[in-house]
K.L.:
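Quick one: this structure, given as C-alpha cells, is what I'll be asking you about.
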Protein chains: 2
Amino acid sequence: MANSADVPAGSPRRRDARATRRRLLEAAADLFAERGYDAATVRDIADRAGANQALLFRYFGSKSALLTEVMAHNGQEQLRATPPEKLFETALRGMLTHRDKEPHDRSLAVYLRSIGGADGTETVKALGEEYVEVLATLSGAEDAALRADLAMAWLLGIGIMRVVVGREPLASADPDAVCELVLGLLGQLLDGTAAPEEEWPPEPGER
Amino acid sequence: MANSADVPAGSPRRRDARATRRRLLEAAADLFAERGYDAATVRDIADRAGANQALLFRYFGSKSALLTEVMAHNGQEQLRATPPEKLFETALRGMLTHRDKEPHDRSLAVYLRSIGGADGTETVKALGEEYVEVLATLSGAEDAALRADLAMAWLLGIGIMRVVVGREPLASADPDAVCELVLGLLGQLLDGTAAPEEEWPPEPGER
DNA sequence: CCCTTGTGTAAGCACCTGCTTACAAACGTT
DNA sequence: AACGTTTGTAAGCAGGTGCTTACACAAGGG
C-alpha cells in the first residue's frame, strides 16, 4: 500500500515487517489447522513462512499468543457474519466442504485438531463456547443449554470424523445428504419436539 | 510359602516380572486415558507403576506397542460382550458415568483424548472402526454406513464435550436425561425414519 | 562355590521443543 | 557519510522426549 515506487514491481520490499508478520500468521493458521496446535512447531511455521523463527517470537511473543491471534483473525468472522438460525448449517457445511486448497475458514479445523491437546487450548475452547451460546438461543426448550451442548457435540463429532479421522463414507459423502440427515434431527432436538419419553407430548406448542 | 521369612507377608516377591508388567499396563491405561497418548510420557507411566522406565521398553518394546497392548486389553471386552442393539447406549452411558476412580473401561477415554494426536493413533482409530461396523448393522436404510458414521460422530462428540472439554451443562447432566434425548433421535437416524424437510426420493441411488 | 539367567536401576544418547541472545545487514534521518 | 533504528540471521540454552546401555543384585542349578 504505502509502498515506495523505487522498488521493482516483483519484490515489494526486501525488508517488510508487516508482510513477514502476515506470512507468519498465514503459515501458523495452515499448520495449526493441519496438525493441531501441539504438533505444529514454531520451526515449521517459520519455515513455511520463509522467515526466521526468532521473528516469530519478536512479532508475537510466544507460540500460544500466535494461536490467539490466529483464532481471533480467522475465527469470529463467520460467527458474527452468520445469523444464529443459519449458524449450525453454515458451520456444518464449512466442515463438509473442507478443502485444503481453498482459503476457507481454518478456525474449525484448528479447533478440531487441537482439542485433545494439553497446552494453550483455552483459546480454541473459547471459540466453541461462543458457538454453543448462539446455538442455545435457538431452542425454546427448558433445557436449551443442554440441547445446545448436544448439538455442538454432534457438529464437533462430525467434523472430527470427517477432518481428522477421515472415516468413510462420511468423509466423502455429499454435503447436502449429510445436511439433510443431520439438520432434520437437530431441528427436533432444538425445538424440543424430540420426545424423551415414550409417548410424545400431544401439544408441541409451548413456544 | 516359598517365600523367605525376612520379607513381609504382603509382598509375595520382590522380583516379579509379571506383576511389574501388569502394573505398567495399568499405569499406561490410566495415563493414556487421562492425558492422551502423546501427552503421557513413558517416564510418568513408569513412575506411576513404581517401575523403572527401562523395564517398560524391555517388556513392551516401544511406547506405541504399549498403546496397542492397552487398547487390545481394555478395549474390545465391552465391544464383544455387548449385543449390537445395546452397543450405542452402553458406550454412551459408559462415557456419561465417567468416573476416574472406578475401574471402568478406559479405552473410550484413550480414544477421545488421542484422536487429535500425531503419532501412533492408528490403534485407537481401529477401535472406532469396530464400533461403527457394529452400528451399521443396526440400520436397515440404504445408506446405513453413512448413518452409522453420523451416529458414531455424535457419540464421539458427546464424549469429547464431556470428558475432554468438560462443557456445562453437558458434563454434569443426568445420564438418563442425555440418553433419552440422544437415543430417541438416534433411533430415527438408524431406522431411516428421520425425514428431512422434503419427501425422500424413492431411489436415492446416486453415490 | 561359581556361573548363568532373570529382574531392577542409573546414567546417558540423540533428538526435539519453545524461546533467547548476539550479531549482521538494510533502511531513514541528519 | 555517519548515525541509530528496524529487519533478518545463526547459534545456542534449558528442558523434555523416546529409547539404549552398562551395571548391580537376586535367584537357582551345576
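Reminder, nothing fancy here: chain letters follow the sequence lines and each chain counts from 1. In this text, all values refer to a predicted model and were calculated from it rather than measured experimentally.
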K.L.:
Which is true for B:Ala54 with a 4.0 Å heavy-atom rule: it touches a base, it touches only sugar-phosphate, or it touches nothing?
P.N.:
base
K.L.:
Using 4.0 Å as the upper bound for N to carboxylate O, is an ion pair formed by B:Glu130 and B:Lys125?
P.N.:
no
K.L.:
Can you tell me how far P of C:dG18 sits from CD1 of A:Ile45, to the nearest Å?
P.N.:
8 Å
K.L.:
Tell me: CG of A:Leu67 to P of C:dT17, nearest whole Å?
P.N.:
17 Å
K.L.:
Can you find an N or O donor on one side and an acceptor on the other, under 3.5 Å apart, linking the side chain of B:Arg43 with the base of D:dG16?
P.N.:
no
K.L.:
According to a strict under-4.0 Å criterion, is B:Thr41 in side-chain N/O contact with OP1 or OP2 of D:dG16?
P.N.:
no
K.L.:
What integer distance in Å separates B:Asp38:CG from D:dG18:P?
P.N.:
9 Å
K.L.:
A:Leu31 has an atom CG; how far is it from atom P of C:dG18, in whole Å?
P.N.:
11 Å
K.L.:
Can you tell me how far C1' of D:dT17 sits from CG of B:Leu66, to the nearest Å?
P.N.:
15 Å
K.L.:
Just the rounded figure in Å: distance from P of D:dC25 to CG of B:Leu55.
P.N.:
17 Å
K.L.:
Verify the contact: side-chain N or O of A:Tyr59 to OP1 or OP2 of D:dG8, cut-off strictly under 4.0 Å; return yes or no.
P.N.:
yes
K.L.:
Has the side chain of A:Arg113 got a donor or acceptor atom that lies under 3.5 Å from a matching backbone atom of A:Phe32?
P.N.:
no
K.L.:
Over how many whole Å does the gap from B:Tyr37 atom OH to D:dT17 atom P extend?
P.N.:
13 Å
K.L.:
So, B:Ser114 side chain and B:Tyr111 main chain: donor-acceptor pair closer than 3.5 Å or not?
P.N.:
no
K.L.:
Using a 6.0 Å distance limit plus a 45 degree cone around the ring axis, check whether B:Lys63 lies over the aromatic ring of B:Tyr37.
P.N.:
yes
K.L.:
Does the pair A:Asp44 and A:Arg35 meet the rule for a side chain to side chain contact (heavy atoms under 4.5 Å, CB included), with working shown?
P.N.:
CA-CA 11 Å; A:Asp44 288 340; A:Arg35 309 181 193 171; 2.7 Å; yes
K.L.:
Please report the end-to-end axis angle for the helix from C:dT7-D:dA24 to C:dT30-D:dA1, five pairs per end, rounded to 10 degrees.
P.N.:
20°
K.L.:
Give the nucleotide from the list D:dC19, C:dA10, D:dT7 with an atom nearest to the side chain of A:Arg58.
P.N.:
D:dT7
K.L.:
Can a salt bridge be assigned to the pair A:Glu168 and A:Arg162 using a cut-off of 4.0 Å between side-chain N and carboxylate O?
P.N.:
no
K.L.:
NA contact type, A:Ala40, heavy-atom cut-off 4.0 Å: base, sugar-phosphate, or nothing?
P.N.:
sugar-phosphate
K.L.:
Please determine if A:Asp176 and A:Arg93 form a salt bridge, counting it only when a charged side-chain N lies under 4.0 Å from a carboxylate O.
P.N.:
yes
K.L.:
Compare the minimum distances between each of D:dT7, D:dT9, C:dG18 and the side chain of A:Lys63, then state the nucleotide with the smallest one.
P.N.:
C:dG18
K.L.:
Take B:Gln53 and B:Arg23, find for each the nucleotide of DNA chain C with the closest heavy atom, and name the residue whose nucleotide sits nearer the 5' end.
P.N.:
B:Arg23
K.L.:
CZ of B:Arg35 versus C1' of D:dT17: gap in Å, rounded?
P.N.:
14 Å
